[in-house]
Amino acid sequence: MIGQAISRVDGPFKVTGQATYAHEHWEAGQPLYGFILGATIGRGRITLIDASRAEHSPGVRKVMTYRNAPAQGAPDESIPSLYWRAQPVLTNPEIRHYGEPVALVVAGTFEQARAAASLIDIEYAVEPGNYDFATRQDQSYVPKVVNGRMEAETSVGDFDSGFNSAAVKVDQRYTTPYQFSHPMEPNACLAVPRGDDLILYVSAQIVDSARASVANTLRIDPERILVVTPYVGGGFGSKLGIHSETILAALAARQLNEPVKVVLTRQQIFHLMGLRPTTSQRVRLGAGKDGRLVAIAHEVNMYTSPHEEYAEQTAATTRALYAAPNRWTSHRLTPLDLPRGEDVRAPGEAPGLLAVESAMDELAYALAMDPIELRIRNEPKVHPETGIPFSDRRLVECMREGARRFGWDQRPAQPASLRKGRWLVGYGMAAAIRMHFQGPAKARVRMCPDGTAVVQSDMTDIGGGTYTILAQVAAERLGLPIDRVRVEIGRSDFPVSWGSGGSWGAANSSTAVYRACEALREKLLASARDKSEALSEIVARNHPEGLEAEGEIVSMEKDPNYRAYSLNTYGAHFAEVGVDVDTAEIRLRRMLGVFAAGRFLNPKTARSQLIGGMTFGVSYALHEQAVVDTRSGAFVNRDLAEYLVPVHADIPELDAVLLDGFDDKANVLGVKGIGELGVCGSAAAVTNAVFNATGVRVRDFPITLEKVLPGLPLMEA
Amino acid sequence: MRPFIYERATDARAAIAAMSTAGAKFISGGTNLLDLMKLEIEQPTHLVDISRLAFKDIEELPDGGLRIGAQASNSDTAADRRVRTRYPLLSQALVAGASGQLRNKASVGGNLLQRTRCPYFYDTASACNKRNPGSGCSAIGGLNRSHAILGGSDACIATHPSDMAVAMTVLDAQIELLGANQAARRVAIADFYRLPGDTPHIETVLGPNEMITGVVLPPPPPGRQVYRKVRDRASYAFALVSVAAIVATDGGTITSARVGFGGVAPKPWRSVEAEAALMGRPATMATYRDAAEAAMTHAIGRGQNDFKIELAKRTLCRTLAQVAQVG
Ligand SMILES: Cc1cc2nc3c(=O)[nH]c(=O)nc-3n(C[C@H](O)[C@H](O)[C@H](O)COP(=O)(O)OP(=O)(O)OC[C@H]3O[C@@H](n4cnc5c(N)ncnc54)[C@H](O)[C@@H]3O)c2cc1C
Ligand code: SF4
């Protein structure tokens with residue numbers, strides 16, 4: 001059962017519209033609708049706010065501004081993750097970024113609320129803000145730690161002298177843009193008051209952080225809050241924590257003592273969600289003529305909010321990727337007056353591997369060496385910084401298998417040498433690596449006398465397939481057909497987990513379920529007639545009320561394997577692109593990824609994660625960027641007509657191959673995370689293919705056609 | 001979105017009469033107007049739905065041309081056999097636009113009148129002379145990668161986003177209008193759109209109560225037709241640059257040429273300069289280059305859109321080479 005390509009058990013609910021998302025719950029009856037009004041300046045303060053016209057607008061029940069919003073808790077920096085902290089909204093007249101909420105209008109319909117919001121009269125005292133990353137980098141500082149509580153700077157050997165003595169050098173700067181997670185389901189909350197208690201139907205990746213954050217903000221006991229999130233229409237990091245939509249819905253619901261629903265519009269997501277910081281990365285590689293690296297440096301400068309620091313671990317994978325005796329990684333943060341940074345799928349790896357794997361391609365070109373051969377020559381035997389062994393490192397195998405399947409030997413050795421009709425065609429590859437994280441998670445499994453089992457955890461299914469894999473694990477361990485297992489997740493009254501995010505959800509929760517099943521088996525087998533007796537029969541005979549047990553997995557800090565081993569997942573991406581020889585339009589022709597991530601619980605759902613991740617990479621290389629107007633601090637291209645992501649026609653042929661295995665250092669099931677692995681390095685493979693096709697090396701992402709056009713040959717007849 | 005009255009017109013006369021109500025506006029497919037209403041850029045208080053009026057047909061004209069009803073959908077127009085065989089570039093332009101779902105809803109009349117995609121036009125907090133006359137133009141000095149290189153003014157550099165209208169421009173289409181008291185008139189598409197000048201909010205010569213009832217296509221000019229759209233992704237994106245070209249050759253010499261550009265100007269852009277540079281000249285890359293230079297003589301980049309000048313030249317050259325190839 002585990003390891004089988006089973007179709008999603010929740011699929012029929014989704015395609016028949018029975019799966020209820022946050023804004024679709026009607027148990028509490030007709031709700032009121034809240035609309036958030038955002039500031040139209042980037043920095044300054046409100047000098048006048050007059051809501052009287054809005055308050056008298058049809059259907060309006062409440063207008064909340066900083067003048068009448070309830071007092072709220074302040075963010076407590078001693079809480080390690082910002083997603084668990086308080087997120088006060090409308091507490092003062094200061095404006096810290098464009099689009100920051102200045103009012104919530106609650107009305108009988110969404111349209112009434114939105115129309116009334118435009119009747120609020122506001123005057124601002126505008127202060128000059130800093131919005132331009134390019135000109136502010138000299139204001140940067142080194143943070144104490146980066147995401148995942150990793151070190152901001154690391155150094156081994158003597159980078160400068162190693163680099164200076166190298167026979168072949170690459171020294172380049174790569175810049176990556178701001179990006180937003182844009183889940184299909186926008187961020188949303190329906191808050192239902194029940195006396196002093198509160199039910200929150202919220203679109204969340206982590207139930208526990210949603211509950212803690214609301215409790216800390218509203219200063220109420222978390223036990224009074226029930227979070228319900230059975231289905232989540234994608235998150236990509238933007239729902240690791242809740243935001244103003246949930247806080248404001250909760251505040252308004254309690255004040256009005258009626259259900260209040262707040263759903264963000266697509267445009268609002270560009271200012272009310274966290275963003276992936278823009279970066280400028282300098283990568284230096286020094287190698288001998290044989291391709292062996294003697295020095296690696298990866299220096300990252302990125303944006304941060306001055307109020308809530310966020311540092312992507314952009315250089316972190318560089319620490320484990322290639323061997324070299326002299327090494328240096330560093331992160332610096334440049335404060336600007338923009339919405340805060342937050343995790344966006346593959347935080348750190350997405351921009352970091354794009355830079356480093358581009359640089360490796362540049363080095364291979366400088367050496368006139370095959371890019372795969374270059375990487376194999378620099379394959380480390382142990383972790384190159386800490387010296388601890390890797391568990392289950394299969395990067396070389398991924399590259400070799402990918403090369404064989406893709407037909408890498410057909411790659412044009414010389415850039416700009418292969419023409420197919422009007423297309424310049426090129427091949428590119430890049431390596432993928434991602435640290436495997438582990439977080440605490442609990443699950444409960446109950447066997448009922450009717451021969452069914454129920455799995456419960458506050459784990460979420462954000463579209464990845466949690467329902468299916470947990471059913472598979474329980475069915476196998478309890479000896480039941482899968483349709484006899486019911487998985488109940490996404491409620492704060494179930495055993496607590498770290499939810500979905502960081503690619504840890506599947507490994508954490510399936511391990512917890514496995515352990516719960518083992519505990520249950522043990523309890524049951526004690527009263528078995530003989531060893532071959534089915535568990536369901538023992539339950540039916542001895543436990544007319546049913547029987548349950550819990551299982552858990554501890555955090556990586558408490559797991560000794562995380563000190564003894566470097567646990568990562570691996571992959572290799574291969575891309576073939578065509579570049580129109582006249583117009584520089586870049587189109588993917590085909591793409592292949594080969595991945596090794598321990599055991600795959602379900603190859604079907606796993607493949608979907610990986611091809612989705614690879615598509616993110618194509619988007620990162622060619623399309624996606626949120627553009628700030630440096631005069632106002634606003635994100636200008638704030639809809640999906642202007643913030644481009646690939647459409648079907650952009651992704652013609654794309655496949656992921658899974659090299660199944662078992663990482664016995666990861667957990668009892670041998671499973672590692674794959675939710676972000678497909679993103680890691682995939683943009684670099686596309687970028688390197690563009691270079692191979694055209695001879696033009698673009699280091700400022702995304703690669704839009706005007707960056708390639710000047711390098712194309714003159715028009716010929 | 002503000003509350004509004006919705007009225008379904010039963011015939012053209014009633015529809016036009018209803019437009020004398022203050023705040024009235026026609027709605028056809030609604031694919032553009034409803035988006036603008038949600039964002040409060042357009043705030044009509046009275047919508048007159050003309051999508052069910054009897055202007056859906058595509059009819060033969062005695063001179064060999066076609067008359068396309070204003071309510072014909074973009075999909076039906078693109079799929080019409082007569083359009084595909086006689087005006088292939090119109091069909092190509094239509095299917096290069098939007099998505100299948102949108103084209104099913106979108107009407108020919110609405111397509112002609114769709115508003116710009118300038119992001120500042122969409123943001124009521126930004127200065128924008130087109131949305132709020134006299135407030136300034138945020139695109140100048142701001143994000144202007146998609147903006148005009150031809151025909152713009154210091155008041156506005158927005159582009160007209162339609163693909164269909166570019167094809168119709170090189171086909172010398174006539175737009176049929178109906179006003180109050182059954183007053184019908186025809187305007188050549190070249191005269192239908194106005195350049196922004198100091199009044200970018202006035203985009204066409206359409207009168208306040210006038211309705212587009214149809215588009216008349218004269219018989220196709222001699223030569224091959226091609227519509228080429230250059231965009232940031234393979235589908236579902238507006239043109240960075242597009243070229244509509246119709247070229248006839250005789251023994252290697254160009255005997256007739258029509259050239260239009262999309263994505264580069266506030267209106268579908270007919271390039272008489274390029275056409276003049278092609279007429280009577282040999283069908284060679286040297287000629288196409290001259291035509292491209294002539295077309296872009298007055299082009300002005302605003303920074304981020306500078307690349308469009310070179311892109312337009314290259315796209316024109318390649319499209320001409322393609323059109324003139326098989327005589
Ligand atoms: C996501 C997206 C992508 C798109 N991509 C493209 C693209 O790539 N290329 C492209 O060319 N277009 C594109 N479009 C635009 C699309 O072509 C237009 O929205 C559509 O053609 C408008 O037609 P409609 O009938 O829906 O107009 P409506 O929205 O109903 O009306 C538009 C305007 O025209 C007026 N109007 C409509 N009919 C008449 C009439 N008969 N007489 C007088 N006034 C009238 C209305 O009052 C309104 O002001 C895209 C649109 C969207 C939403
Ligand atoms: S280009 Fe035109 S539409 Fe855009 S901001 Fe300027 S005036 Fe407005």
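Letters A, B, ... mirror the listed sequences (proteins, then strands); counts begin at 1.
Atom-to-atom distance recorded for A:Leu644:CG and B:Tyr236:OH is 11.0 Å, nearest 0.5 angstrom. To the nearest 0.5 angstrom, A:Gln112 atom CD is 12.5 Å from B:Arg2 atom CZ. In this structure, CD in A:Glu111 is found 9.0 Å from CZ in B:Phe4, a value given to the nearest 0.5 Å.
Counting heavy-atom pairs under 4.5 Å between each of B:Ala234, B:Pro119, B:Pro3 and chain A puts B:Ala234 at the top. Interface summary for chain A: among B:Leu143, B:Asp306, B:Val230, the most heavy-atom pairs under 4.5 angstrom belong to B:Val230. Among A:Ile41, A:Leu705, A:Val627, the residue making the largest number of heavy-atom pairs under 4.5 Å with chain B is A:Leu705. Chosen from B:Ser126, B:Gly142, B:Ala125, the residue pairing most often with chain A at heavy-atom distances under 4.5 Å is B:Gly142. Of all the listed residues (B:Ala286, B:Ser138, B:Ser99), the one sharing the greatest number of non-hydrogen pairs under 4.5 Å with chain A is B:Ser138. Per-residue heavy-atom pair counts under 4.5 Å with chain B were compared for A:Thr265, A:Asp629, A:Leu588, and the maximum is reached by A:Asp629. Ranked by heavy-atom pairs under 4.5 Å with chain B, the first of A:Pro702, A:Ala641, A:Ala116, A:Ser118 is A:Ser118. Chain B forms the most heavy-atom pairs under 4.5 Å with one residue out of A:Val581, A:Thr630, A:Val628, A:Val645, and that residue is A:Val645.
Remark: side-chain polar atoms of B:Arg314 are paired, donor with acceptor, to backbone N or O of A:Asp582 under 3.5 angstrom. A donor-acceptor contact shorter than 3.5 Å links the side chain of A:Arg587 to the backbone of B:Arg233.
Interface remark: A:Ile703 contributes no atoms to any contact with chain B (heavy atom separation under 4.5 Å). Looking at A:Tyr98, only its side chain comes within 4.5 Å of chain B, counting heavy atoms on both sides. Interface remark: B:Ser235 contributes backbone and side-chain atoms alike to the contact with chain A (heavy atom separation under 4.5 Å). Contact annotation for B:Lys38: both backbone and side-chain heavy atoms come within less than 4.5 Å of a heavy atom of chain A. The parts of B:Arg231 that come within reach of chain A are both its backbone and its side chain, each placing non-hydrogen atoms under 4.5 angstrom from that chain.
In terms of heavy-atom proximity, A:Ala115 sits nearest to B:Glu40 at CA-OE2, 3.9 Å.
In this structure, B:Arg228 pairs ionically with A:Glu585, as a charged nitrogen and a carboxylate oxygen lie closer than 4.0 Å. A salt bridge links B:Arg145 with A:Glu706: the closest approach of a Lys/Arg side-chain nitrogen to an acidic carboxylate oxygen falls below 4.0 angstrom.
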Start with the C-alpha distance between A:Leu709 and B:Leu311, add both sets of side-chain angles, then the distance that settles side-chain contact (heavy atoms from CB on, under 4.5 Å), and finish with yes or no. CA-CA 8 Å; A:Leu709 196 63; B:Leu311 183 63; 4.1 Å; yes
Checking salt bridge (Lys or Arg N to Asp or Glu O under 4.0 Å) for the pair A:Arg638/B:Asp123: CA distance, chi angles, key distance, verdict? CA-CA 9 Å; A:Arg638 54 175 183 270; B:Asp123 174 15; 3.0 Å; yes
